[in-house]
Amino acid sequence: MKQSLLFVPTLKDAPSDAEVKSHKLMTRAGLIKQVAAGIYSYLPLGYRVIKKIEKIIREELDKIGASELLLPALQPRDLWDESGRWDKYGPELMRLKDRKDRDFCLGPTHEEVITQVVRDYLNSYKKLPLALYQIQTKFRDEMRPRFGLMRGREFIMKDAYTFTETEADLDTWYQKFSDAYTAIFKRCGLKTRIVSSDVGQIGGDEADEFMVMSEVGEDLITYCTDCDYAANQDHSKLNDGDDCPVCGGTITTAQGIEVGNIFKLGTKYSESMNAKVINEDGQHIPVIMGCYGIGISRTLMASVEQHATDKGLLWPDEITPFHIHILPINVNNETHMTLANTLYTSLKEKGIEVLIDDRKERAGSKFKDSDLMGIPYRIVVGKDAKNGQVEFTNRYESETSLKTIEDILDFF
RNA sequence: CGGGAAGUAGCUUAGCUUGGUAGAGCGCUUGGUUUGGGACCAAGAGGUCGUAGGUUCAAAUCCUGUCUUCCCGACCA
């Protein structure tokens, strides 16, 4: 991709509204632009990362046998009356009316719709289990949106739902999703911690959250320094210095960003919305449900929070918007441009995502923008081009060395 | 929703106390000089000072309402 054609509005100064590192840098690097409180546009560079995260999620969920569908964001009140949540959800539910004055809402979550989708199909235990997921924009009229993409009123989420006949089958799927999540976040370059959490107003038996440890996280995590025990403080009620309930070790607290959760729903929605199957004994039983969410836009934000430096971003390999950034120092210099274009074409032919900064900018501006954008490998084509050499920087290692085109092509 | 802060050009902001009709830096346009870490010189374009009302001969400035944004809290599958 030629940078002259890519819309990357970088800024020297962060908008005064931005408070946390990720928000400042994502704005400065031209990834996102705020539209209103908690509402953002994803610009090309940011959207490329979003799509990478989505790709990883799709691969890992397809692997465990979940299938993707797409549900409506706009949902009629009737469905929410069936579950009783039209009255219970409160002002966080974005409500609106159509031209006939009929009530609708913009989905903050999709239990009602997914249950409506499957209930007519699910008539026999033989059709179970079933695991469905979608990637979609969610709407929640938060009292206080904050920290850029951390808590938005509109955000991108992957939500999945399982339908099983027995608790044991639910447990199996719960574990599958837990393992898939671990793989997903690892591939996204994030260090996460699994913590037990409250089941909340929703009821159910068990819930876990996937946390990215960060000082801007909204949740307080209690964990044991001696064993694997970890729980959201809302759930454990433990404090710093308390004894670990598992091994008797010492409890420590830290803040975390919740990027994913998995939840054993039970029969709350299948009962209220009449999603029942006939079991082997000929009895009508409500299906047992589980739900599993990943905040995709929040994952993007958490990654920036975890990887960014004061100079700019630095993307993990699997979600970087481009792998290689080629900077020809002087676009009017034929030697520079010929060498840069040769590299660009050859690398692209190898299937590598390459961005070439072909803009008529001065070297300094190109370096600064490149630092901000955080593409992990940088190739500077400049004063050594006449000898057929370029400067190659691996930004993970902060190492720079002179290389020939052949060296570069061998490396990738 | 309670507490606090702030709205002046695309971004950062000065001016407000003490009213006299808006200034800078970055960015943008044109010309020239530059050309390896956000260049320099010159000439330009760009603002109903969030908005509505009030006080006044006169309001970015004072008063009131309102909207928006941010921070803390409460809230949050």
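Sequence lines set the chain letters: A, B, ... in the order given, protein chains first and strands last, and positions in each chain run from 1. Keep in mind that what you see is a predicted model, and the values were worked out from it rather than measured.
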[X] side chain N/O closer than 4.0 Å to the phosphate oxygens (OP1, OP2) of [N]?
X        : N     : answer
A:Arg144 : B:C71 : yes
A:Arg151 : B:C70 : no
A:Lys366 : B:G38 : no

- Item | Same-atom distance (C1') from B:G31 to B:C70, integer angstrom | 43 Å
- Message: Can you check the distance between B:U48 and B:U61, where both ends of the measurement are the P atom (answer in whole Å)?
- Response: 16 Å
Decide whether a cation-pi geometry holds between [X] and [Y]; the criteria are a distance under 6.0 Å from NZ or CZ to the six-membered ring centre and an angle within 45° of the ring axis.
X        : Y        : value
A:Arg153 : A:Phe139 : no
A:Arg95  : A:Trp80  : no
A:Arg298 : A:Phe155 : no
A:Lys127 : A:Tyr121 : yes

- Message: Categorize A:Ala18 for me: base, sugar-phosphate, or nothing, with a 4.0 angstrom heavy-atom threshold over every strand shown.
- Response: nothing
- Hey, does A:Ala207 reach any base, or is it just sugar-phosphate, or nothing, if we go heavy atoms under 4.0 Å? nothing
- Using a 3.5 Å limit on both pairing distances, list the dot-bracket string of RNA chain B from the 5' end; Watson-Crick and G-U wobble pairs count, crossing pairs take [ ], interstrand pairs take |. (((((((..((((......[..)))).((((((.....)))))).....(((((..]....))))))))))))....
- Note on the structure: Comparing nearest nucleotides in RNA chain B, the 5'-proximal residue of the pair A:Thr10, A:Arg153 is A:Thr10
- Message: Reading RNA chain B from 5' onward, which residue's closest nucleotide shows up sooner: A:Arg140 or A:Ser16?
- Response: A:Ser16
- Item | A:Lys51/A:Glu54 salt bridge by N-O under 4.0 Å criterion | no
- Query: To the nearest 0.5 Å, what is the distance between CZ (A:Phe185) and CD1 (A:Ile53)?
  - Reply: 9.5 Å
- Length of the CG-C1' vector between A:Asp219 and B:C76, whole Å: 9 Å
- Message: Measure CZ/A:Phe147 against P/B:U69 and give the value in whole Å, please.
- Response: 17 Å
At a cut-off of 3.5 Å, list every protein nitrogen or oxygen paired with a nitrogen or oxygen from nucleotides 32-36 of chain B, distance to 0.1 Å.
unit_1 : atom_1 : unit_2   : atom_2 : d
B:U34  : O2     : A:Arg362 : NH1    : 2.6
B:G36  : O6     : A:Gly382 : N      : 3.4
B:G36  : O6     : A:Lys383 : N      : 2.1
B:G36  : N1     : A:Glu391 : OE2    : 2.4
B:G36  : N2     : A:Glu391 : OE1    : 2.4
B:G36  : N2     : A:Glu391 : OE2    : 2.9

- Message: If we count only N and O atoms by modelled type, under 3.5 Å, do the side chains of A:Gln175 and A:Asp179 hold a donor and an acceptor together?
- Response: yes
- Between A:Glu305 and A:Ser214, a side-chain donor and acceptor under 3.5 Å: no
- Item | Geometric class of the A:Tyr292/A:Tyr174 ring pair [parallel <30°, tilted 30-60°, perpendicular >60°] | tilted
- Task: Report the nucleotide, chosen from B:U69, B:C11, B:A74, that has the shortest atom-to-atom distance to any side-chain atom of A:Met143.
- Result: B:A74
Write down the protein N/O and nucleotide N/O pairs, taken from nucleotides 4-7 of chain B, whose separation is under 3.5 Å; answer none if there are no such pairs.
none

